[in-house]
Amino acid sequence: MLNLRNQIRSLIYHRGVPNLFLTLNPADEDNPIVRVLMGEDIDIDSLSHDEELTQFQRRVLIAKNPAACAIFFNAMITAFTEIILGYGKEQGGLFGECKAYFGAVEAQGKGTLHCHMLIWLEGIPGPQELRDKMESSEDYKASVFQWVESVIKQE
């Protein structure tokens, strides 16, 4: 734990305050890819959420095959960082260019994995820079508050 905290402190010192915090929790219990990783011969294209297994049966399968769940989790986190974040790609990802990210993996009470992630994006002002810009320009301040109001109305 101390090592992880030191890594986060180093990133904050080097990159500044992260822009996003999120938790990724891939639904291994309901995903047919996990069953394929377990070695089952199933047709993924013909499966729907209302498949032949009950929720209890799917949970038993997951409990008996933690390695398949870990492989699935790794594949989902890797896909997220490569596709959604676009980390290391010139064109960036969904949020723009990702300068850095940090993820800490934990197990939930039922044993499935989830990842808490901090994300640093290019071109997003840090808190102090944002405050300085808002204090120096009324137009910039008004545009920030207008944007915040539009986001709140959408919710």
Side-chain angles (χ1 to χ4, degrees), residues 1-37 44-51 55 58-59 62 65-155:
M1 223 30 176
L2 182 62
N3 187 32
L4 292 176
R5 287 186 190 130
N6 287 335
Q7 289 176 22
I8 292 170
R9 285 186 190 105
S10 296
L11 269 170
I12 290 172
Y13 179 76
H14 180 67
R15 297 286 186 185
V17 177
N19 303 110
L20 295 173
F21 170 80
L22 52 91
T23 300
L24 300 173
N25 188 9
D28 53 5
E29 183 177 300
D30 297 320
N31 199 307
I33 295 172
V34 176
R35 290 180 55 199
V36 171
L37 292 170
I44 292 179
D45 294 331
S46 69
L47 291 177
S48 68
H49 190 68
D50 300 322
E51 62 175 289
Q55 183 180 24
R58 288 192 308 267
R59 285 183 177 174
I62 297 239
N65 296 283
C69 296
I71 292 168
F72 170 76
F73 176 81
N74 184 59
M76 293 298 107
I77 299 301
T78 300
F80 179 82
T81 57
E82 290 177 359
I83 298 167
I84 303 298
L85 291 183
Y87 182 73
K89 295 185 178 177
E90 191 173 311
Q91 73 274 12
L94 182 64
F95 305 112
E97 185 183 345
C98 177
K99 296 190 296 186
Y101 68 91
F102 180 88
V105 177
E106 297 177 340
Q108 300 180 86
K110 63 182 182 176
T112 59
L113 301 173
H114 65 281
C115 179
H116 299 288
M117 192 172 276
L118 298 171
I119 301 168
W120 286 262
L121 302 171
E122 185 65 46
I124 308 292
Q128 187 62 49
E129 183 182 351
L130 181 61
R131 181 180 180 183
D132 293 345
K133 284 184 176 184
M134 290 175 67
E135 286 180 351
S136 65
S137 169
E138 285 299 319
D139 290 339
Y140 185 80
K141 182 178 181 178
S143 69
V144 169
F145 282 115
Q146 184 179 13
W147 177 81
V148 170
E149 287 175 2
S150 71
V151 169
I152 292 171
K153 287 179 184 177
Q154 290 176 1
E155 292 177 357

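When a residue number appears, it is its place in the shown sequence, counting from 1.
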Test Lys133 against Glu129 for salt bridge (Lys or Arg N to Asp or Glu O under 4.0 Å), laying out the working first.
CA-CA 6 Å; Lys133 284 184 176 184; Glu129 183 182 351; 3.7 Å; yes
So NZ of Lys99 and CD1 of Ile124: to nearest 0.5 Å the spacing works out to 9.0 Å
Grab the two heavy atoms, one from Met117 and one from Phe80, that are nearest each other, plus how far apart they are.
SD-CE2, 3.8 Å
Minimum heavy-atom separation for Gly103 to Cys115, with atom names?
CA-SG, 3.8 Å
d(Met76 CE, Ile33 CD1) to nearest 0.5 Å is 5.0 Å
Is Asp28 close to Ile62 at the side-chain level, that is, under 4.5 Å between some pair of heavy atoms?
yes
Does Phe102 reach the side chain of Leu4, with side-chain heavy atoms less than 4.5 Å apart?
yes
First locate atom CE of Met134, then atom OG of Ser143, and finally report the distance between them rounded to the nearest 0.5 Å.
8.5 Å
Do Ile119 and Cys98 have side-chain heavy atoms sitting under 4.5 Å apart?
yes
How long is the gap from CZ on Arg58 to CZ on Arg35, to the nearest 0.5 Å?
9.0 Å
Inter-residue atom distance Leu130.CG - Lys141.NZ, 0.5 Å rounding
11.0 Å
Could you pull out all donor-acceptor pairs under 3.5 Å where a side-chain atom in residues 12-26 meets a protein atom, sequence neighbours excluded?
from	atom 1	to	atom 2	distance (Å)
Asn19	OD1	Leu121	N	2.6
Thr23	OG1	His116	ND1	3.0
Asn25	OD1	Gln108	NE2	3.2

Are Leu11 and Tyr101 close enough that some pair of their side-chain heavy atoms sits under 4.5 Å apart?
no
Of all heavy-atom pairs linking Ala68 and Leu37, the shortest is O-CD1, 3.6 Å
With no hydrogens and no angle check, is any side-chain donor or acceptor of Thr78 less than 3.5 Å from a backbone partner on Asn74?
yes
Can you confirm whether Tyr140 is buried at OH, in the sense that more than 12 heavy atoms of other residues, nucleotides or ligands lie under 6.0 Å from that atom?
yes
